[in-house]
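Numbered from 1 within each chain, the chains take letters A, B, ... in sequence-line order.
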There are 2 protein chains.
Amino acid sequence: MTTRTKPTFRETMLQAREDAILDAVNRLLATKGFELMTVDEVVADVGIAKASLYKHFDSKEELAAAAMQRVLATAQSVAADLQADASLGPLDKLKGVTRWAMQTQLAGQMPSLPSHNQTLRAALGAHKGYTDSLFGLSEQLEQWIEGALADGSLRSSLPPTLMLYTVFARACDPVLGFLRGSLPDAELVESVLDATFHGLAHPLKAGS
Amino acid sequence: MTTRTKPTFRETMLQAREDAILDAVNRLLATKGFELMTVDEVVADVGIAKASLYKHFDSKEELAAAAMQRVLATAQSVAADLQADASLGPLDKLKGVTRWAMQTQLAGQMPSLPSHNQTLRAALGAHKGYTDSLFGLSEQLEQWIEGALADGSLRSSLPPTLMLYTVFARACDPVLGFLRGSLPDAELVESVLDATFHGLAHPLKAGS
DNA sequence: GTCTATAAGAGGATAGAC
DNA sequence: GTCTATCCTCTTATAGAC
């Protein structure tokens, strides 16, 4: 952020405050979504005044974009760890990041991305950090999909972009919310993962 | 509604107006979702005064519930047609209703159900027509799932409730919106249907 | 039942003192 | 940068005439 290697105490405090704000935003975005989340709730949660928050972020949309960027950065980090694991094939890596996304949603820490809000979409598109992280993550996933198609572990009859978006969609899959509680979280995640990659139907009797 | 077999002209007009209102609500709910839909938009679309709308429906939540009930009633009708077709097995029937749900979403006529809105959820739960239709449709789907499990066309290793909710989830799958335009709607629907029931991975090389 | 006009309140954003 | 107090717009819902 600056040329200084060691941040001042003041910088550290500001960073910590911004992190606290984004923690609250992330949680509220995950539980209520963008429209239902209010700035008043955010500041009440963090324990600061609303005007103070607006010194850090220009608008509610900027707030959401910053929180989403942080999640995407974490996802990129998870992806990098998976990529570094030589024991995993491309399909395993795809499953790994999908598993992480679902676990994060169940933990109440995955902001729900699919918003019909045009204002929010515009703000996200204009947010450099967000689009960069999204693009970088997509590139990694696309590379794995290509690899899995090449080694025959993904079906070549399906469009690769459909596979990419299907992985993203698991991050906000409502099925997880509906089924949580009826079976342990770990089993739930593995079941949805199984259904996503191997389907609901029996492979031997797959008809039409 | 009354003991009269032939509705009066006045009753016909009122019914027609309510249908026009629900048409607008349905479309707005599909494109913007509950929070972003405003009652002002609805009345502007129908061409009536806001106070007139509130003579028909007590609240915005009631409005949404009535629209959702209508969609569920249509779904039940579609399911009944599929059930009457003796040439179809239970898995084909499940696929049929899933296909209809996705086509309806692409047509901009599927209200997005997954709302974090607690007030809306309460209103839906209290709406007899809505819960009855939802329950009836679920029963039919569960019956098909049981049948498909019995004849071996659905995988017995997955929880039946997961299958039920997965079918419902396709009605509001964001993947359809992301991919629309990049390939014809008909192909898109078949691809997502294929991915849902047969998975992204190649059955022969299905690893972990 | 339909209209015009308005109440009532929530929520995003800012002014100005410190 | 942080606070308190306030502005202002949007939105749900209703009052009251016809």
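C:dG1 atom C1' lies 15 Å from atom CG of B:D58, rounded to whole Å. Spacing between atom CD1 of B:I21 and atom C1' of C:dG1 amounts to 11 Å, rounded to whole angstrom units. Here the C1' atom of nucleotide C:dG12 and the CZ atom of A:F57 are 16 Å apart, to the nearest Å. The interatomic distance linking A:L120 (CG) with C:dG12 (P) rounds to 13 Å, in whole Å. For the pair A:N117 CG and C:dG11 C1', the computed distance is 14 Å after rounding to whole Å. When rounded to the nearest whole Å, the span between CG of B:D40 and P of C:dA7 equals 17 Å. Rounding to whole angstrom units, CG of residue B:L36 and P of D:dT11 are separated by 9 Å.
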Taking N or O atoms only and anything under 3.5 Å, show me the protein contacts with nucleotides 2-5 of chain C, one pair per line.
{"from": "C:dT2", "atom 1": "OP1", "to": "B:R17", "atom 2": "NH1", "distance (Å)": "3.1"}
{"from": "C:dT2", "atom 1": "OP2", "to": "B:H56", "atom 2": "NE2", "distance (Å)": "3.0"}
{"from": "C:dC3", "atom 1": "OP2", "to": "B:A49", "atom 2": "N", "distance (Å)": "2.7"}
{"from": "C:dC3", "atom 1": "OP2", "to": "B:S52", "atom 2": "OG", "distance (Å)": "2.6"}

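Where pairing requires Watson-Crick or G-U contacts shorter than 3.5 Å, the helical stems of DNA chain D with at least three consecutive pairs are C:1-18 with D:1-18.
The aromatic rings of B:Y130 and B:H127 stand perpendicular to each other, their planes meeting at an angle above 60°, with 30° marking the opposite boundary.
In this structure a side-chain-to-backbone donor-acceptor pair under 3.5 Å is present from B:R180 to B:L106. In terms of modelled atom types and a separation under 3.5 Å, the side chain of B:E187 and the main chain of B:P184 share no donor-acceptor contact. A:R155 contributes a side-chain N or O that, together with a main-chain N or O of B:G199, makes up a donor-acceptor pair within less than 3.5 Å. Checking side-chain atoms of B:D92 against main-chain N and O of B:G89 turns up a donor-acceptor pair under 3.5 Å. The main-chain N or O of A:K128 is found under 3.5 Å from a side-chain atom of A:T131 such that the two form a donor-acceptor pair. The closest donor-acceptor contact from the side chain of B:S112 to the backbone of B:T31 lies at 3.5 Å or more, if one exists at all.
Applying side-chain contact (heavy atoms from CB on, under 4.5 Å) to A:M102 and the options A:M110, A:E190, A:R170 leaves one that passes, A:R170.
The phosphate of D:dT14 has neither OP1 nor OP2 within less than 4.0 Å of any side-chain N or O from B:Y54.
Pairs of residues two or more places apart, or lying in two chains, that qualify as salt bridge (Lys or Arg N to Asp or Glu O under 4.0 Å) and include a residue from residues 50-63 of chain A are A:D40-A:K50. Residues in residues 66-87 of chain B take part in these salt bridge (Lys or Arg N to Asp or Glu O under 4.0 Å) pairs, two or more places apart or across chains: B:D19-B:R70, B:D23-B:R70.
Only B:S59, B:K60, listed by number, bring a heavy atom of residues 59-66 of chain B to less than 4.0 angstrom from any atom of DNA chain D.
With sequence neighbours excluded, no residue forms a side-chain hydrogen bond (donor to acceptor under 3.5 Å, both in side chains) with A:Q143.
Among the atoms of the strands shown, only primed sugar atoms or phosphate atoms (P, OP1, OP2) are found under 4.0 Å from some heavy atom of B:M37.
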